[in-house]
Structure formats: C-alpha cells, structure tokens
Amino acid sequence: MIVYLRFYEELNDFLPRARRKKEFTREIPETTSVKDLIEGCGVPHTEVDLILVNGESVDFSRKVRDGDRVSVYPVFESLDISGAIRLQQRPLRNPRLLADVNLGKLARYLRMAGLDTAYRNDATDPELIEQMQREDRALLTRDRRLLMHAAVEKGYLVRSDQPTEQLEEVVHRFDLYSVLDPFSRCIHCNHKLNQVEKDAIRERLLPLTERYVDEFAQCPHCHKVYWSGSHRRRLDRKVKELLGVD
Ligand SMILES: [Zn+2]
C-alpha cells in the first residue's frame, strides 16, 4: 500500500535532500505502525512530538492504512496544539539523564548544572539501553540509530559537536531551566555534594584556598572537595550565562 508523508521543520535534517520539505510517497506492508513508518524514513521517534494522519492527531501505535496522509512534527516551542496528542514529555518530569560514551564533556557540564547525569566512557550500546531502562533515564546521544531502539521512550539526538552548545540544546529541549542547581553535584561521579566544615578538610587545602575560602562542599562518594570558584573560573561564558552564575 502507498502512503503520503511530509516531515516538518528540523525533522527534514534526517531526510535525504530529495524528500525534504515536501510530500513524498512510500510503499509499505500492511499493519505498519506510524512509528515504524517514521523511523523507516530515518527519523528517531524521540524527535517527534505530533503526528497527524489525515488531519487527525494520533499516537505512535496507530496502524497506517492505504492512502493515508501522514504529517510529522518536531517538539514545538510555540505552536498551539492543545487538544492534540503530544508524544514527548516537555518539561521532563523526572530529569534523569544518561549520556552516550562520546558525550563526556557534556556530561560534566550537565552535572555542573546540577542535573543527574549518568555517564561512562566504556559503555556498550546494550549496556546503555539496560541502564536507561533500569534507572528510567532519558538517553542523550549523537547516534540516531540508538534512539530508534524499541526500548527508548525518552531521548534526544544531540546536534552540535560543541559541548557548550550541547548543554544549551539539552536544557532547552527538555525545558530544564527551572531545575538547574549549579555546583550541587560532583562532576566526576554525579553524586549530590554535602556541605563540609572547613576543619574537616583543612589539611587538603592549598594555602591560599585555606586562607580565603570558608565554605566547602564534598562528594560523599569520591571525597573530592569543592568550593566557590573551584570550577567556575574556567567555565565558558556561554555556560555561565545558561547557569546564571558569574
Ligand atoms: Zn564524586
């Protein structure tokens, strides 16, 4: 059977040039779901927020019928689609993230922003999927095929290769502005920091820090000590702006 498809806005980035920004046809077997139809065109379902079939809003499980006209939209900022079925959570209700192996710098920035971000530089794809499910995390990756895995419910395809821009993308996409809590989390192991008395860590401080700094926090897991300025100083201006710190 034949269906008619059109993708909107940035979803066109996933398509070959000849299919961008216009209607095209696709021949598919019967009982294909809308989700399989869309991913068969190279667009991960995590990027899709609204699907109209013949003008009606549907969810991913809707079976496609011969002659259907399918319009596919990304996560919108401003379009009023109240009444329609939105397919992505935004803002993320439970902002727990999982970064793919090549997003180490992004993971550090997200932790710096106070966001719970799991990361390992040696995780295999099956291990990532397993951890994502077990800990109910949203998967961040630059690998669109990974997002097409059937188990992925929440995820985001990171576009930029610049960590500062990646941070901005993720915060924006999941609308995390209100839950940012800069410098509350260990950037090495993701644990929440505890306040610690200066006397308890005094012998570990450099002389100038010992003299001029009075408030400290410590990671309960790796015991690294943090203080105001210890990782602010070298932060990119863009990250500071986003986190609302100077
Ligand atoms: Zn730590």
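Along the sequence shown, the residues carry numbers beginning at 1. Remember, it's 1-based here, ligands and their atoms both numbered in the order they're listed.
- We find the CG-CZ distance between Asp116 and Arg137 to be 4.0 Å, quoted to the nearest 0.5 Å.
- Aromatic ring pairs are classed by plane angle as parallel below 30°, tilted from 30° to 60° and perpendicular above 60°; the pair His172 and Tyr177 is perpendicular.
- Under the 30°/60° scheme for interplanar angles, the aromatic rings of Tyr156 and Phe174 are found to stand perpendicular.
- At least one N, O or S atom of Cys189, from either the backbone or the side chain, sits less than 2.8 Å from the Zn ion (ligand 1).
- Residue His188 does not count as close to the Zn ion (ligand 1), with no N, O or S atom under 2.8 Å.
- Checking Cys219 against the Zn ion (ligand 1), an N/O/S atom falls under the 2.8 Å cut-off.
- Cation-pi geometry between Arg62 and Phe60 is not met: the NZ or CZ atom fails to fall both under 6.0 Å from the ring centre and inside 45° of the normal.
- Within the coordination shell of the Zn ion (ligand 1), defined by N, O or S atoms under 2.8 Å, Cys186 is present.
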